[in-house]
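Reading through the structure tokens given below for one structure.
Computed over heavy atoms, backbone and side chain alike; hydrogens, waters and symmetry mates excluded.
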Amino acid sequence: MDYRQCAAEILCELGGKENLISAAHCATRLRLVIADNGKVNKGNLENIDGVKGVFEASGQLQIIIGTGTVNKVYDEFIALAGISAASKDEVKQAAAAKGNIFQRVIKTLGDVFVPIIPAIVAGGLIMGIMEALNFMANRGIISINQSGYLFQIINMLSNAAFTFLPILIGYSATKVFGGNPYLGAVLAMFLIHPNLQNAYTVSTEGVAQSFSIFGLYDVNMVGYQGHVIPIIMASLILATVEKKLHKVVPEIIDLFVTPLVSLLVSGLLTFTFIGPLFVAIENGVLWFVQWLITIPFGIGSFVMGGIYSTTVVGGVHHMYTVIDMGQIAQYGFTYWLPIASAANVAQGGACLAVAIKSKKAKVKSVAFPSALSCMLGITEPAIFGVNIRFVKPFIFGSIGGAVGACLASIMHLGASATGVTGLFAVLLHLHAPIKYIIVIGTAAAVAFVLTWFFGYKDKEDAPADSKSTASKEIVVPEKEYNNDTVYAPLEGKVVALTDVPDATFAEGVLGLGAAIEPAVGEVIAPADGEISSIFDTHHAVGLTLDNGMELLIHVGINTVALNGEGFTAHVSEGDRVKRGQPLISFDKDFITSKGYPIITPVIISNADDYKEIKTTTSAEVRRLDELLKVERG
């Protein structure tokens with residue numbers, strides 16, 4: 001995959017860099033804030049090689065690229081767009097300003113928990129591994145010293161993130177709210193101070209000490225272990241007080257006064273008023289969730305399993321970590337995670353059915369890895385890149401998730417930790433591994449079968465264009481060759497790049513060069529080299545020439561929207577080509593009849609490697625006439 005060309009195509013279909021406010025990326029997606037969404041061509045974006053899906057959520061345009069690839073495309077994207085990689089906060093602020101209050105709340109929860117997830121995932125997996133070792137040791141399958149040094153060290157490591165989760169939340173939340181994250185961590189430490197009674201002992205020992213507040217109510221001297229919402233609210237108060245103090249406290253004493261007053265005020269307010277209030281609210285939310293998913297015959301879980309994937313589309317799923325952690329604190333298990341796991345694996349089952357049933361290489365290349373990713377708990381590529389795109393697979397995936405969630409409820413299945421769904425989550429269900437396998441297996445099977453029979457059918461491709469004005473075999477006149485020259489890959493009128501009716505090309509975003517108004521509908525190789533990329537729509541080709549030049553030849557403007565109609569490719573990515581060899585044939589009349597300019601930019605993508613690039617003074621060129629001249633630094 002050519003990361004630079006993928007980024008360039010994305011920028012082009014966004015309406016150019018002028019339409020881009022800011023950009024960031026997460027593990028799987030580019031997260032963009034766009035000035036005018038009306039200028040974005042989502043259909044064309046979805047057809048770009050490397051893009052697995054496009055959607056809008058939380059005021060952002062999110063483009064699914066995939067794990068391990070998105071960061072590389074992002075690096076090229078910000079370089080082409082001329083923006084800084086340190087623009088993630090700008091994305092958050094700009095997107096938050098666009099959303100309603102509900103979207104802002106959900107996005108804030110996501111911003112708080114996303115940085116913490118790796119710690120939770122690591123802890124959950126280690127905990128699962130330890131449970132597996134205990135399971136086998138207790139049944140005599142293996143012999144292991146459970147009181148030994150190594151076992152004890154790893155066992156402590158497994159639950160460290162969960163034991164001190166309030167500190168992680170305090171740090172992350174305060175940072176999100178614009179305060180000093182270290183003060184947030186200190187505030188959280190205070191709320192789980194060892195001088196306070198551990199919250200996990202209250203159910204067995206009762207409350208050891210409490211104080212009356214003005215005779216109105218009692219405040220229990222109990223820590224906030226296992227609580228989430230109160231810690232977030234405490235961080236909000238801390239950050240709010242701190243930011244206001246920074247504005248009014250003289251700079252000479254700000255370093256001393258602001259942290260002192262911020263901690264004192266937020267600590268007293270949280271423990272006296274805010275904490276007890278939001279503990280009650282959090283307990284109410286957890287009670288409702290527990291009531292919902294324990295409705296007889298699994299009805300409540302069936303509903304939640306069915307709509308879970310829809311909440312992923314809306315970005316609401318970030319709030320579910322609150323439910324998981326709260327349930328683990330109260331019940332010792334999270335009954336929510338099996339519902340999420342069933343829903344995720346079901347979407348993977350639907351995606352797998354598409355991958356196997358489709359005969360299209362493009363669909364298979366996206367669907368197979370997306371299905372595998374989904375089975376491992378990363379659902380975005382499957383949901384956005386395949387299932388929503390074809391609609392019915394998403395619906396049947398949701399039905400599969402509902403069935404699996406219903407089974408989980410009927411079997412009273414809970415997970416001992418959180419952070420992982422899919423196949424690896426069996427490590428969190430070693431107390432009931434067969435039940436878990438039945439749940440996710442049923443979810444995936446239902447989704448797969450429904451999608452196979454009723455959810456997907458390949459659309460017929462448009463017939464290959466047969467009106468190309470040039471044949472595949474051409475006779476190229478012998479001409480002198482120079483390594484510092486780019487020769488014309490097609491015949492026609494020479495146009496300055498600045499006159500191309502597309503800002504991305506005209507402003508040199510993708511590189512420098514010239515354009516040709518074609519007289520003949522065929523592109524040939526201007527020199528010996530290798531095909532670095534050929535777009536699925538066959539409207540553009542990238543070459544790496546033996547002389548080190550990297551070229552992009554883009555036939556027409558916005559012609560990606562034709563989805564390959566009117567174009568025929570004669571080469572594939574990775575092919576070696578000779579000077580004069582046909583690369584692409586195209587039907588000029590058909591393309592212009594559809595309203596697309598036929599002007600063809602010829603770009604040197606690695607223009608920064610050269611001191612100067614000059615365009616020929618000729619008004620017209622024939623094939624392999626001199627088009628550009630470079631001066632090496």
When you measure from the side chain of [X] to the backbone N and O of [Y], does any donor-acceptor pair fall under 3.5 Å?
X	Y	result
His538	Ala540	no
Asn387	Gln347	yes
Asn483	Asn547	no
Asp36	Gly38	yes
Thr592	Asp589	yes
Ser398	Phe394	yes
Thr600	Ile598	yes
Tyr3	Asp75	no
Lys364	Ala355	yes
Ser532	Gly542	yes

From CA spacing to verdict: side chain to side chain contact (heavy atoms under 4.5 Å, CB included), Asp502, Cys12: CA-CA 8 Å; Asp502 184 290; Cys12 177; 3.7 Å; yes

Side chains of [X] and [Y]: does their closest heavy-atom pair fall under 4.5 Å?
X	Y	value
Arg623	Val520	yes
Val630	Asp609	no
Leu32	Leu14	yes

Closest heavy-atom pair and its distance - Tyr456, Lys357: O-NZ, 2.9 Å

Whether over 12 other heavy atoms sit under 6.0 Å from Lys392 NZ: no

Neighbour count >12 (heavy atoms, 6.0 Å) for atom CZ, Phe368: yes

Basic-acidic side-chain contact under 4.0 Å: Arg576, Asp546: yes

Residues Asn47 and Asn563: side-chain donor-acceptor under 3.5 angstrom: yes

Asp608 side chain to Tyr610 side chain, donor-acceptor N/O pair below 3.5 angstrom: no

Approximate separation, where rounding is to 0.5 Å, of Lys72 NZ and Thr69 OG1: 6.0 Å

Mutual orientation of the aromatic rings belonging to His539 and His554 [parallel < 30°, tilted 30-60°, perpendicular > 60°]: perpendicular

